[in-house]
Amino acid sequence: MENWEICEKECFEYLKSKYANKICSFEHNGGSDSTKSDILLKKNEIACFYIESKMTAAQCGQFVVKQLDNRFVNSENNRHQKNLIEDVIIDKMNEEFESYANPGTAGKSLNIGKDYFYEWICNFYKSKNVKYFIVEKEVGRNKLDSDNFIIFPIKHFQKYFDVFATYRVKKSGSSIPSKNCIEEIENTLGNHRIIYSEIEFKDGKAYIKLQNKTDKFKIQAIHYDYQFNPIKDNLFEIRRLSNTKNANVIFSISLIEEQAENDLIEFESEFLKM
């Protein structure tokens, strides 16, 4: 598992162990689908709001910006709800078009006021009904004690994180492979002498069992690249990687503040509202 996946899982386990009760429960909804937030709080089985998990340094959203007639414009490939501050950021980029025109995969840092970045991030997560963030300070050490986590409301995001933005080219994500991909996947696994079971489609995902494999890996096939994410006991989820490369504005964050007691009290007061 990637560190961000471990962080997501451990934040969920911490919240569940500390705050779940007969009325309040948590549901883990995150994963690689960036259109969904990470952890849902439910009261009496009714959805209330989401809690977004983050490491102390992490990516924090992105949107595609394309070039058209020597100008930057918003892309129709963006899947998230329209974020009005995007147009402001793009206008700022157009003021220095030549500086950002050829970002490559290394990317170019945006020399724009950070207030715009904070506003984009908060708008993005509010559109997904995120009300709080939870930060795990040490990931992967199974430290499920209060000192290892910071919880705060989204309105105080700027107090806890420094933020940066980069414009760079990257592949546009992954998807569930279709049944038409089965032959290509099996042939490629065979060429790599990887012993596999029949691919199974369940709950909108594709799974396969592989012998002598435990870690995440990728293979390159004729039409697509595929990623195999370990689940348990040699079971892997298969993701088809996109062939499309887009230039994205990508936001990154770095923790700058420890837990403020008032913010934790505000979060814990949610469990007194029944």
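By the 4.0 Å N-to-carboxylate-O rule, Lys155 lies close enough to Glu266 to be salt-bridged with it. Comment: Glu257 does not engage Lys159 in a salt bridge, judged by the lack of any side-chain N to carboxylate O separation of less than 4.0 angstrom. Remark: Lys54 does not engage Glu136 in a salt bridge, criterion side-chain N to carboxylate O under 4.0 Å. By the 4.0 Å N-to-carboxylate-O rule, Lys137 lies close enough to Glu258 to be salt-bridged with it. For the pair Asp38 and Lys9, the salt-bridge criterion is not met [side-chain N within less than 4.0 Å of a carboxylate O]. A salt bridge is defined here as a Lys NZ or Arg NE, NH1 or NH2 lying under 4.0 Å from an Asp or Glu carboxylate O, and Glu76 with Lys66 meets this definition.
A donor and an acceptor atom, one from each side chain of Ser37 and Glu52, are located under 3.5 Å apart. A donor-acceptor contact closer than 3.5 angstrom links the side chains of Asn229 and Gln227. Looking at Asn78 and Asn74, their side chains do bring a donor and an acceptor atom within 3.5 Å of each other. Of the N and O atoms on the side chains of Asn148 and Glu138, not one donor lies less than 3.5 Å from an acceptor on the other residue.
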(Q) The test is ring-ring contact (aromatic ring centres under 6.0 Å, His included); show your working for Phe97 and Phe72 and say whether it passes. (A) CA-CA 8 Å; Phe97 178 82; Phe72 295 116; 4.7 Å; yes
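A continuous path of ILVMFWY side-chain contacts below 4.5 Å connects Ile112 to Phe161, so both sit in one hydrophobic cluster. Tracing side-chain contacts under 4.5 Å through hydrophobic residues (I, L, V, M, F, W, Y), one never reaches Ile85 starting from Phe164; they form parts of separate clusters. Hydrophobic clustering of Ile, Leu, Val, Met, Phe, Trp and Tyr side chains at less than 4.5 Å, counting indirect connections, unites Tyr196 with Tyr224. Cluster membership for Ile154 and Ile150, using ILVMFWY side-chain heavy atoms within less than 4.5 angstrom, is shared. Note on Phe201: it clusters hydrophobically with Ile238, by side-chain heavy-atom contacts below 4.5 Å among ILVMFWY residues.
The aromatic rings of Phe149 and Tyr14 lie parallel to each other, their planes meeting at an angle below 30°, with 60° marking the opposite boundary. Taking the six-membered ring where the residue is Trp, Tyr19 and Phe271 present parallel rings, their angle staying beneath 30° rather than reaching 60°.
Considering Leu41, Leu40, Val130 in turn, Leu41 is the only one that fulfils the side-chain contact (heavy atoms from CB on, under 4.5 Å) rule with Phe49. For the ring pair (Phe, Tyr, Trp, His ring centres under 6.0 Å) with Phe251, the qualifying choice from Tyr118, Phe157, Phe117, Phe124 is Phe117, the only one to do so.
For the pair Lys43 (side chain) and Glu270 (backbone), a donor-acceptor distance under 3.5 Å is present. Checked by atom type and distance alone, the side chain of Asn129 pairs as donor or acceptor with a backbone atom of Cys48 at under 3.5 Å. Between the side chain of Ser197 and the backbone N or O of Lys209 there is at least one donor-acceptor pair closer than 3.5 Å. Listed for the Glu237 side chain is no donor-acceptor partner under 3.5 Å among the backbone atoms of Lys205.
At least one side-chain heavy atom of Glu86 sits under 4.5 Å from a side-chain heavy atom of His80. Using a 4.5 Å heavy-atom threshold, the side chains of Met93 and Val249 count as touching. Taking 4.5 Å as the limit, some side-chain heavy atom of Arg240 sits within range of a side-chain heavy atom of Ser178. Looking at Arg141 and Glu10, their side chains never come closer than 4.5 Å, going by heavy atoms from C-beta outward.
Separation of the Tyr167 and Tyr100 ring centroids does not fall under the 6.0 Å cut-off. Two rings, from Phe133 and Tyr160, have their centers 6.0 Å or more apart.
The CD atom of Gln220 lies 8.5 Å from the NE2 atom of His192; values are rounded to the nearest 0.5 Å. Here the OG-CG distance, from Ser25 to Leu15, works out to 12.0 Å after rounding to the nearest 0.5 Å. To the nearest 0.5 angstrom, Leu235 atom CG is 8.0 Å from Glu200 atom CD.
The two residues Met55 and Val139 have their closest heavy-atom pair at CG-CG2, 3.8 Å.
Both tests hold for Lys213 against Phe217: distance to the six-membered ring centre under 6.0 Å, angle to the ring axis within 45°.
Under the 4.5 angstrom side-chain criterion for Ile, Leu, Val, Met, Phe, Trp and Tyr, the cluster partners of Val73 are Leu68.
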